[in-house]
Amino acid sequence: MTEVRTRFAPSPTGYLHIGGARTALFSWLYARHTNGKFILRIEDTDAQRSTEEATSQILESMEWLGLNWDEGPFYQSKRLDIYRSYVQKLLDAGKAYWCECTPDDLEKKREIALSEKRKPKYDGTCRHKGHGPGPGRVVRLAVPFTGVTAFDDMIKGRIAVNNDELDDLIILRSDGMPTYNFTVVIDDATMNITHVIRGDDHVNNTPRQIIIYEALGFELPQFAHVPMILGPDKTKLSKRHGATSAMVYKEMGYLPEALVNYLVRLSWSHGDQEIFSLQELIEFFDVHDVGSSAAVFNTEKLLWLNQYYIKKAREEGRLEELSALLKPIIQERGYVSPGANLINSIITDVGDRAKTLVDIVDIGDFYFKENIEIPEDLGKKFFTPEIAPYLAAIIDELGKADFSDKAQMENAFNHVLEDNHIKFKIIAQPVRIALTGKTMSPGIFEMMETLGKDKVISRLKAVLK
RNA sequence: GGUCCCAUCGUCUAGUGGUUAGGACGCUGGCCUCUCACGCCGGAAACAGGGGUUCGACUCCCCUUGGGACUACCA
């Protein structure tokens, strides 16, 4: 059996889209699953819109997600000679021809065709004129008028199109650059790609590409067209639905394993399992099992997975990893980044309550602040005259306690509770608010230990004034 | 408009001719509890519609409806 070779071929006209990321993930997983090779190719034949910045962004995103490639990245812009030689081959064989129709003429014909409710396809004006190369001229492929072009998609099954639906597509532009449909075929064929896994939006291009494969005598790969990811309104996921850039998810405090786990479950499943380790994914994933219908992107579920993975990282003691990711966020919020021990304690205190890494910093903002602002309504409600003596007593008792010993802090509280015959509940909330300025927080004793004696006592005192 | 693709709870999905249609997110009731979160236990919630095929359809076929993609000298 020949080795499986898959590829991911983004065009560097923008960041790595979340849909592209999933396609890349599927391609990568299939290669890993079959012990094959995963190739990265940058499709930058659109000189106008391609940028180096986008390229490096895409590479960075791939690395963040852990999608390592075995070959490449190959750049189409560096393979122009190859494409041109194949264009020439087609020209020589009479399977392609030079065309001098101008974009303006074509546009007019298109409009007329549309207004007459005809299919706006190229009318073959130059097909038999025997033009040679010249300024403003393009090369078109002579597509057969009759017959059917069909293929068996690994995801969608058999897809067949009448050839009269197709027209003589341009394979070489007037500026000398080859076009997408041509370059993919040449690259996939010459790079020996065995399984073309790509977005659903390419299904309609596939028959044209097959015709190119056949014209050149290349062996056909297997095609797998993965369904789109839709926004909540069921249209193609785009910027107006919110963040669509993989890297933005990093900035928003998502863990790559959460995003990967979320994305893989869109249009793919393995029984009832929701949580997958990378090893499991490699073991279980098969393109044949990808479903054929589009999936709606749901941030709530991603958030749930992210919380799960943050918690898991915390439970596994991967605190250095988390704090490294946290530091930039802390600084971005304008706080001074505390020492390693302190960050670790904060993660331990707050970790299970956070859906994102950004949440950790926001929920735990009182750890970073020098002074705590108490919202007026909370102050009125919780710092009543009845509470004041209890707080004073607690300050007193706490003064004698060793904050590195949770039992001593608890004893301090217990003394006050017993002396006054009150329940912990009565003073817990006032203390919480004094320490954090908020009604929701980690446990009192965890916080006190992390904050340290000085801050705790000064915050409690501040409230008594 | 044409071509192609798609259709199970709000969302992601399991299902592969006979099930009380399962799980997950979200929502919700409760437990736990110093608040919140975590965790645990429960609940509401779906086979788009109509025809066939069959003893029997969520499952197979057709139509309708709805949605999506493509229809460039973009990829």
With heavy atoms under 4.0 Å as the rule, sort His225(A) into base, sugar-phosphate or nothing.
nothing
Interatomic distance where CG belongs to Asp188(A) and C1' belongs to rA75(B) [whole Å]:
13 Å
For Lys236(A) and rC70(B), is the shortest distance between a side-chain N/O and OP1 or OP2 below 4.0 Å?
yes
Searching all strands shown, indicate the nucleotide that pairs with rU65(B) (Watson-Crick or G-U wobble; both distances under 3.5 Å).
rA7(B)
Could you list, one pair per line, each protein nitrogen or oxygen that sits under 3.5 Å from a nitrogen or oxygen of nucleotides 40-44 of chain B, together with the distance?
none

Base-pairing mate for rC70(B) - Watson-Crick or G-U, with both contacts under 3.5 Å
rG2(B)
Flag the pair Asp167(A) and Arg140(A) as a salt bridge only when some basic side-chain nitrogen lies within less than 4.0 angstrom of an acidic carboxylate oxygen.
no
Between Asp44(A) and Gln76(A), a side-chain donor and acceptor under 3.5 Å:
no
Report which part of the nucleic acid Lys311(A) touches: base, sugar-phosphate, or nothing (heavy-atom distance under 4.0 Å, all strands).
sugar-phosphate
Output the distance between atom CG (Leu378(A)) and atom CD (Glu373(A)), rounded to the nearest 0.5 Å.
12.5 Å
Do Arg127(A) and Phe145(A) form a cation-pi contact, if we require the NZ or CZ to be under 6.0 Å from the six-membered ring centre and within 45 degrees of the ring's axis?
yes
Just call it for Pro442(A): base, sugar-phosphate, or nothing, with non-hydrogen atoms closer than 4.0 Å on any strand.
base
In whole angstrom, give me the gap between the P atoms of rA75(B) and rC38(B).
47 Å
Check: Gln273(A) side chain, rG23(B) base, donor-acceptor under 3.5 Å
no
OP1 or OP2 of rC34(B) under 4.0 Å from side-chain N/O of Ser441(A):
no
With a non-hydrogen cut-off below 4.0 angstrom, is Cys101(A) in contact with a base, only sugar-phosphate, or nothing?
base
Under 4.0 Å between a side-chain N or O of Thr45(A) and OP1 or OP2 of rA75(B)?
yes
Could you tell me how far apart Leu305(A) (CG) and rC12(B) (P) are, to the nearest whole angstrom?
15 Å
Plane angle bin for Phe223(A) and Phe151(A) - parallel if under 30°, tilted between 30 and 60°, otherwise perpendicular
perpendicular
OP1, OP2 of rU13(B) versus side-chain N and O of Arg265(A): anything below 4.0 Å?
no
When all nucleic acid strands are considered with a 4.0 Å heavy-atom cut-off, which category describes Val296(A): base, sugar-phosphate, or nothing?
sugar-phosphate
Determine the Euclidean distance between corresponding P atoms of rG22(B) and rG43(B); express it in Å to zero decimal places.
11 Å
Nucleotide forming a Watson-Crick or wobble pair with rU16(B), both distances under 3.5 Å
none
At less than 4.0 Å, is any side-chain N or O atom of Lys234(A) found next to OP1 or OP2 of rU11(B)? Yes or no.
yes
Hey, does Ile444(A) reach any base, or is it just sugar-phosphate, or nothing, if we go heavy atoms under 4.0 Å?
base
Rounded off to whole Å, could you give me the CG-to-P distance for the Leu303(A) and rA24(B) pair?
19 Å
Which of parallel (below 30°), tilted (30 to 60°) and perpendicular (above 60°) describes Phe284(A) and Phe276(A)?
perpendicular
Nearest-0.5 Å distance, CD1 of residue Ile426(A) to NZ of residue Lys423(A):
8.5 Å
Nearest-Å distance, CZ (Arg314(A)) to C1' (rG39(B))?
12 Å
Could you check whether the side chain of Ser174(A) and the base of rC73(B) have a donor-acceptor pair of N or O atoms closer than 3.5 Å, going by distance alone?
yes
Describe the nucleic acid contact of Gln48(A) in one word from base, sugar-phosphate, nothing, applying a heavy-atom distance below 4.0 Å.
nothing
When all nucleic acid strands are considered with a 4.0 Å heavy-atom cut-off, which category describes Ser292(A): base, sugar-phosphate, or nothing?
sugar-phosphate
Report the relative orientation of the aromatic rings in Trp304(A) and Tyr308(A); use parallel for angles under 30°, tilted for 30 to 60°, perpendicular for over 60°.
tilted
Sort out the partner of rC40(B) for me: Watson-Crick or G-U wobble, both distances under 3.5 Å, none otherwise.
rG30(B)
rA75(B) OP1/OP2 closer than 4.0 Å to side-chain N/O of Thr13(A)
no
Taking a pair as Watson-Crick or G-U wobble with both distances under 3.5 Å, which nucleotide is matched to rC60(B)?
rG52(B)
Check whether the side chain of Arg432(A) and the base of rC34(B) form a donor-acceptor pair under 3.5 Å.
yes
Distance col, row Ile197(A):CD1 vs Tyr30(A):OH, nearest 0.5 angstrom, shows 7.0 Å
Would you classify Glu274(A) as touching base, sugar-phosphate or nothing, given that sugar-phosphate means primed atoms plus P, OP1 and OP2, and contacts are heavy atoms under 4.0 Å?
base
Which part of the nucleic acid does Asn204(A) contact within heavy-atom distance under 4.0 Å: base, sugar-phosphate only, or nothing?
base
What is the distance from CZ of Phe285(A) to P of rU13(B), rounded to the nearest Å?
13 Å
Starting at atom NE2 of His241(A), determine the distance to atom P of rU11(B), rounded to an integer number of angstrom.
14 Å
What is the distance from CG of Asn306(A) to P of rC38(B), rounded to the nearest Å?
14 Å
Between Asp123(A) and Thr125(A), a side-chain donor and acceptor under 3.5 Å
yes
Once you round it to whole Å, what is the distance between P of rA37(B) and CD of Glu446(A)?
16 Å
